[in-house]
Each structure stands twice: as structure tokens, then as C-alpha cells.
Number of protein chains: 2
Amino acid sequence: MQPTPSPDSADQPSDLFAYAVLLRTLNRELNRSTLDFAHENGLHATDIHALSVIMDSSAGGDAPVTPTRLREELGLTSGAVTACLDRLERSGHVSRVRDSADRRVVHVVYNSEARALAREYFSPLARATETARAKFTPAELTTVAAFLHALNTELAAERQG
Amino acid sequence: MQPTPSPDSADQPSDLFAYAVLLRTLNRELNRSTLDFAHENGLHATDIHALSVIMDSSAGGDAPVTPTRLREELGLTSGAVTACLDRLERSGHVSRVRDSADRRVVHVVYNSEARALAREYFSPLARATETARAKFTPAELTTVAAFLHALNTELAAERQG
DNA sequence: ATAAGATTGTTCAATTATTGAGATACATTC
DNA sequence: GAATGTATCTCAATAATTGAACAATCTTAT
């Protein structure tokens with residue numbers, strides 16, 4: 001492996017810079033993987049990003065996805081979210097369900113027919129992750145997971161402050 | 001793909017699943033950070049993603065960015081790339097320079113005036129990364145960097161195969 | 001209760017981005 | 001030097017997004 005420059009000197013700025021490049025490269029790789037999948041399935045970038053939010057949200061036991069949540073998460077206007085959900089609903093991936101408690105609210109639910117598509121979307125990322133993981137010890141992988149979690153927490157905090 | 005852990009069998013699948021969620025969450029956080037910055041500067045998502053490619057490419061000593069490279073990297077058609085570069089050029093972020101060797105080719109270069117903007121774009125990510133990094137030892141950080149590098153390599157390989 | 005105000009999501013016309021099929025200029029190959 | 005391939009651009013058609021107005025529902029204060 002020849003990953004990072006200057007491994008011995010504790011050069012803080014350049015290490016930080018190297019990290020930024022690594023993270024942005026990762027970001028682009030993931031976006032591209034997402035986009036390739038989108039194109040293969042006749043979907044658009046926005047639709048897949050919305051699906052990603054809906055997927056991980058239902059997996060993580062988070063609060064149910066609503067148009068407002070999607071608006072914040074995707075950085076779209078309310079009209080664009082409505083259009084996006086119209087497309088996803090028309091293509092059979094999601095359904096809109098009125099909340100019984102607050103009848104203004106719409107829950108976006110993932111149709112069971114679309115789970116095969118989700119698995120397919122997962123698979124390239126899963127394959128690459130698996131291969132990368134195989135090169136590290138369990139202890140190292142725990143460290144990496146802890147770092148990713150910490151970074152996600154910091155990034156989430158950053159946007160609120 | 002159920003997150004249900006089975007203590008007897010290997011934790012491998014559920015660990016992999018946890019990693020996928022961590023990575024996609026990171027992907028969304030980075031995209032949101034990017035988008036927020038875009039909105040604050042009157043730019044669109046596509047333009048910023050293009051700038052990200054141009055930034056890291058000039059930083060990494062890679063081959064110079066061309067419209068074709070952007071087309072592949074952003075998953076756009078050639079017409080859309082032309083429009084995107086028109087916008088970036090009009091707003092003063094980049095310039096088009098004809099290659100002297102192959103005069104069909106256009107090099108997209110980052111204007112020096114735009115570097116301040118780039119730093120500003122970096123800063124939220126840098127701040128969050130720095131805070132996260134502070135929680136780990138140098139040895140751990142080296143491991144994390146190695147993993148990120150390995151993952152990027154695998155993801156890049158995935159899209160070619 | 002009821003009215004005023006805030007919140008959630010939709011509609012719709014105007015704007016903007018993207019596509020997709022050419023066209024152009026240059027390079028390479030035979 | 002003609003033919004083929006490559007890199008980029010042009011432009012009309014299509015599709016997505018904005019932004020403001022709207023309807024429906026919840027909340028709060030009186």
C-alpha cells in the first residue's frame with residue numbers, strides 16, 4: 001500500500017489535507033456508483049438519493065421519512081420533492097401513506113417489490129467494501145468504524161451550528 | 001440484509017451491513033455539506049461536483065481535467081458538461097485552455113481567484129474531520145487512511161469490471 | 001369554542017438544466 | 001490523402017427545479 005504521503009513526520013496540515021482528499025474521493029466514488037445504478041434503472045440522480053435516504057432510514061429505525069425530511073436531506077424545494085415522489089410512486093418504488101395521528105403528514109414507505117432493486121444497488125458497494133475489509137484485522141476494522149461514526153457525528157453537528 | 005445479529009454464526013454479514021450504512025451516511029453528509037455550500041454561493045449541485053473533481057485533480061497531480069473526464073466522472077452527457085463549464089466559466093471559477101499537443105482537447109483549469117472559494121468549501125469538512133481525528137491516535141489514523149485508500153481503490157476497480 | 005397562526009404537502013407557471021442527435025475541428029490509420 | 005475515430009460544441013426538445021400561491025390540518029391563545 002502506498003496510501004498517504006509522509007507517514008513518519010506528524011505533519012498535521014498535510015495529513016488533514018490528505019484526509020480531505022481521501023474523503024472527497026470516496027464521496028465521488030460513491031456518487032458515481034449511485035449514478036451508474038440510477039442510469040441502468042432509468043432513474044435520475046435525485047430519485048436515487050431519495051431512495052438512499054428512505055432505505056437507510058427504514059433500516060436504522062429512524063423516524064419515518066416525510067417530504068419535509070427529504071427536502072432537508074436532499075436540499076430541494078418542496079415542489080421538487082413532490083415531483084420526485086411522484087416519479088418514485090409512478091415507477092412503483094415507494095408509496096405515500098397519510099399519518100393517522102397528524103393527517104397533514106405523509107409517510108414515504110418503501111414498497112416490498114423494490115427491495116430487490118435495493119439489494120442490487122447495495123451489491124457493488126458491498127463487494128468493494130468486503131474486499132477492502134479483508135485486508136484489515138478485526139481490531140483495525142473496529143477502529144475504522146469508530147472513526148466513520150465519529151466523522152458522521154461531527155458532520156451532522158457541523159450543519160446545525 | 002437484515003441487521004439481525006446471529007451470535008453463533010459469523011458476524012461478517014451484519015458487520016458488512018453496518019459498514020454500508022456508515023458509508024452511505026457519510027456519503028449523504030458530504031453531499032449535503034456540498035449542497036449547502038453550493039446554495040450559499042449561487043451554484044448548483046452539478047457545478048460543485050465538477051469543481052470538486054477539478055480541485056482534487058489539480059491537487060493530486062492527476063491528468064488534467066477535460067470535458068470528457070468530467071462527463072465520465074459526473075455521469076452527464078457531453079451537452080450537459082458544456083453547459084456546466086459555460087456556467088463555471090461565466091462565474092469566473094474556471095477557464096478553458098486548448099491543449100497544445102492535441103488541439104481538440106480542452107483543459108479545464110481552476111482560476112486562482114476561485115481558490116479562496118475552494119478553501120471556504122473545504123473548511124466545514126476540514127473542521128469536522130479535524131475534530132474526529134483528534135479522538136484517535138496517529139497509529140489509528142494511519143489505519144483509517146489506509147482503509148479509505150483501499151476502499152477507494154476497490155470502488156474504482158468495481159466500475160471498470 | 002373559535003379565531004389566528006403555524007405547519008405539511010401540493011399545484012402550476014416560469015425558469016433552468018439535461019438530453020440526444022447532429023455538426024465541427026482535429027488526430028490517427030490505412 | 002481519404003477514411004475512420006476522437007473531443008468538443010451547438011441547439012431544439014424534454015425533463016427537472018424553482019418560487020409563490022393554495023388547501024388542509026394541527027396548535028395555541030383567548
Side-chain angles (χ1 to χ4, degrees), chain A residues 31-32 34-36 38-54 57 63-91 93-109, chain B residues 31-32 34-54 57 62-91 93-109:
Chain A
N31 282 340
R32 262 252 281 159
T34 298
L35 220 79
D36 288 350
H39 286 156
E40 284 166 16
N41 288 83
L43 292 170
H44 292 266
T46 300
D47 304 324
I48 291 282
H49 280 129
L51 275 183
S52 163
V53 173
I54 297 163
S57 206
V65 177
T66 65
T68 298
R69 169 107 184 277
L70 279 175
R71 186 172 63 72
E72 291 165 356
E73 204 86 36
L74 302 177
L76 295 174
T77 58
S78 58
V81 170
T82 297
C84 171
L85 288 177
D86 285 347
R87 292 193 298 268
L88 286 176
E89 203 170 32
R90 201 179 319 128
S91 59
H93 291 104
V94 306
S95 300
R96 284 189 250 223
V97 179
R98 284 261 166 221
D99 186 14
S100 51
D102 186 338
R103 288 164 50 72
R104 294 168 303 179
V105 175
V106 162
H107 290 337
V108 182
V109 301
Chain B
N31 282 340
R32 263 250 281 157
T34 298
L35 221 80
D36 288 350
F37 175 75
H39 287 155
E40 283 167 16
N41 289 83
L43 293 170
H44 292 265
T46 299
D47 304 325
I48 292 281
H49 280 128
L51 274 184
S52 163
V53 173
I54 297 163
S57 206
D62 281 1
V65 177
T66 64
T68 298
R69 170 105 185 278
L70 279 175
R71 186 172 63 72
E72 291 165 356
E73 203 88 35
L74 302 177
L76 294 174
T77 58
S78 59
V81 170
T82 297
C84 171
L85 287 178
D86 285 347
R87 292 192 298 269
L88 286 176
E89 205 170 31
R90 202 180 319 127
S91 59
H93 291 103
V94 306
S95 300
R96 285 188 250 223
V97 179
R98 283 262 166 222
D99 187 13
S100 51
D102 187 339
R103 288 165 53 71
R104 295 168 303 179
V105 175
V106 163
H107 289 339
V108 182
V109 301

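Fair warning: this is a prediction, and the values are worked out from it, not measured in the lab. Protein chains get the first letters and strands the later ones, always in sequence-line order, with residue 1 at the start of each.
Atom CG in B:Leu43 sits roughly 14 Å away from atom C1' in C:dA17 (whole-Å rounding). Per the geometry, CG belonging to B:Leu74 stands 13 Å off C1' belonging to C:dT18, to the nearest Å. To the nearest angstrom, P of D:dC9 lies 14 Å from CZ of B:Arg103. In this structure, A:Leu70 atom CG and D:dT17 atom C1' are separated by 15 Å, rounded to whole Å. In this structure, A:Leu76 atom CG and C:dG9 atom C1' are separated by 15 Å, rounded to whole Å. If you take CG of A:Asp99 and P of C:dT7, they are 17 Å apart, rounded to a whole angstrom. The interatomic distance linking B:Asp47 (CG) with D:dT17 (C1') rounds to 14 Å, in whole Å. Between A:Leu35 atom CG and D:dA16 atom P there is a gap of 14 Å when expressed in whole angstrom units.
Considering only side-chain atoms of A:Arg96, the nucleotide from C:dT10, D:dC9, C:dT7 that sits closest is C:dT10. When distances run from any side-chain atom of A:Pro67 to the nucleotides C:dT10, C:dA27, C:dT18, the shortest one goes to C:dT10. With distances taken from any side-chain atom of A:Arg104 to the nucleotides C:dA6, D:dT17, C:dC26, the minimum falls on C:dA6. Listed nucleotides: D:dT18, C:dA27, C:dT18. Nearest to the side chain of B:Asp102: C:dA27. With distances taken from any side-chain atom of B:Ser78 to the nucleotides D:dC9, D:dT17, D:dT25, the minimum falls on D:dC9. Set against D:dT17, C:dT18, C:dG9, the side chain of A:Thr77 has D:dT17 as its closest nucleotide.
With 3.5 Å as the limit, one finds a donor-acceptor pair spanning the side chains of A:His93 and A:Ser91.
A donor-acceptor contact shorter than 3.5 Å is absent between the side chain of A:Asn41 and the backbone of A:Leu43. Proximity of a side-chain donor or acceptor of A:Arg32 to a complementary backbone N or O of B:Gly75 within less than 3.5 Å is not detected. A donor-acceptor pair under 3.5 Å is absent between the side-chain atoms of B:Arg71 and the main chain of B:Val81, judged by distance alone. Judged by distance alone, the side chain of A:Glu89 and the main-chain N or O of A:Arg96 form a donor-acceptor pair under 3.5 Å.
An OP1 or OP2 oxygen of D:dT17 is reached within less than 4.0 angstrom by a side-chain nitrogen or oxygen of A:Thr46.
Ranked by how close their nearest DNA chain C nucleotide is to the 5' end, A:His107 and B:Cys84 are led by A:His107. If you find the closest nucleotide of DNA chain D to A:Ser100 and to A:His44, the one lying nearer the 5' end belongs to A:His44. Toward the 5' end of DNA chain C, the nearer of the two residues B:Arg87 and A:Thr68, judged by each one's closest nucleotide, is A:Thr68.
Nucleic acid contact for B:Ala45: none, since no nucleic acid atom lies under 4.0 Å from a heavy atom of the residue.
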